[in-house]
Amino acid sequence: GYAISRVLLIYTPRDLQLERIQKRDNLSIDEAKMRLSNQMDIESKKQKADFVIENTGNVRDLQTKIEAFLKTITNN
């Protein structure tokens, strides 16, 4: 197996997660909340992560942030 030495989290605040899940899967707010309740809380994940990339914009914005992150870890 592989030992995990560092954890990267793509972070989206819970309210935005709910909004995106509702829109993507055409769910009610209660259905979206139930789906998220089956996962570890995003704030707990954020506290445990070594690196965090904020995902509050669009896909192009996220791609730019990921590319910048990859450059920082490959240059060290």
Side-chain angles (χ1 to χ4, degrees):
Y2 295 97
I4 298 174
S5 60
R6 301 286 177 162
V7 174
L8 165 64
L9 174 68
I10 307 298
Y11 173 80
T12 306
R14 188 168 190 275
D15 59 339
L16 186 52
Q17 284 182 309
L18 287 170
E19 180 182 316
R20 288 177 175 175
I21 289 170
Q22 281 183 274
K23 190 175 199 177
R24 183 192 69 203
D25 297 342
N26 195 28
L27 300 175
S28 70
I29 186 69
D30 290 335
E31 290 168 325
K33 285 179 180 179
M34 187 170 18
R35 186 166 296 175
L36 277 185
S37 74
N38 292 325
Q39 301 177 15
M40 178 190 286
D41 179 66
I42 192 70
E43 299 303 327
S44 297
K45 288 180 185 179
K46 189 176 183 181
Q47 290 176 355
K48 295 175 187 290
D50 298 296
F51 306 101
V52 176
I53 294 177
E54 299 278 335
N55 182 19
T56 54
N58 60 34
V59 173
R60 184 177 295 144
D61 182 47
L62 178 60
Q63 181 177 352
T64 300
K65 289 177 179 179
I66 290 171
E67 289 172 359
F69 171 75
L70 291 173
K71 286 179 185 175
T72 65
I73 62 169
T74 56
N75 289 336
N76 291 333

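Keep in mind that what you see is a predicted model, and the values were worked out from it rather than measured.
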Visitor: Could you walk me through whether Leu18 and Leu36 satisfy the side chain to side chain contact (heavy atoms under 4.5 Å, CB included) test, starting with their C-alpha distance in whole Å, then the side-chain angles of each, then the deciding distance to 0.1 Å, before giving a yes or no?
Guide: CA-CA 8 Å; Leu18 287 170; Leu36 277 185; 3.5 Å; yes

Visitor: Linking I/L/V/M/F/W/Y whenever their side-chain heavy atoms sit closer than 4.5 Å, directly or via other members, would Ile21 and Ile29 fall into one cluster?
Guide: yes

Visitor: Will you find, in the side chains of Glu43 and Tyr11, an N or O donor that is under 3.5 Å from an N or O acceptor?
Guide: yes

Visitor: Using the ring-ring contact (aromatic ring centres under 6.0 Å, His included) rule, collect all pairs that involve residues 20-74, keeping only residues at least two apart or in two chains.
Guide: Phe51-Phe69

Visitor: Between the main-chain N or O of Leu70 and the side-chain N or O of Thr74, is there a donor-acceptor pair closer than 3.5 Å?
Guide: yes

Visitor: With sequence neighbours left out, which residue pairs that include part of residues 52-69 fulfil the salt bridge (Lys or Arg N to Asp or Glu O under 4.0 Å) condition?
Guide: Lys46-Glu54, Asp61-Lys65

Visitor: Sequence neighbours left out, what passes salt bridge (Lys or Arg N to Asp or Glu O under 4.0 Å) with Asp41? Give chain and number order.
Guide: none

Visitor: If every non-hydrogen atom of Ala32 is compared with every non-hydrogen atom of Gln22, which pair is closest and at what distance?
Guide: CB-CG, 3.7 Å

Visitor: Check the pair Arg14, Lys33 against side chain to side chain contact (heavy atoms under 4.5 Å, CB included), reporting the backbone distance first and the verdict last.
Guide: CA-CA 9 Å; Arg14 188 168 190 275; Lys33 285 179 180 179; 4.2 Å; yes

Visitor: Determine whether a donor-acceptor pair (N or O, by modelled atom type, separation under 3.5 Å) exists between the side chain of Thr12 and the backbone of Asn55.
Guide: yes

Visitor: Does atom CG of Asp50 have more than 12 heavy-atom neighbours from other groups under 6.0 Å away?
Guide: yes

Visitor: Count I, L, V, M, F, W, Y as connected when their side-chain heavy atoms are under 4.5 Å apart, and connections chain through other members. Are Met34 and Met40 then in the same cluster?
Guide: no

Visitor: Taking it one step at a time, do Leu9 and Ile42 satisfy side chain to side chain contact (heavy atoms under 4.5 Å, CB included)?
Guide: CA-CA 9 Å; Leu9 174 68; Ile42 192 70; 4.1 Å; yes

Visitor: Honestly curious: do Val52 and Ile66 fall in one hydrophobic cluster under the side-chain, below-4.5 Å linking rule?
Guide: no

Visitor: State whether the side chain of Gln47 and the backbone N or O of Ser44 hold a donor-acceptor pair below 3.5 Å, judged by distance alone.
Guide: no

Visitor: Would Leu16 end up clustered with Val59 when hydrophobic side chains under 4.5 Å apart are linked, directly or stepwise?
Guide: no

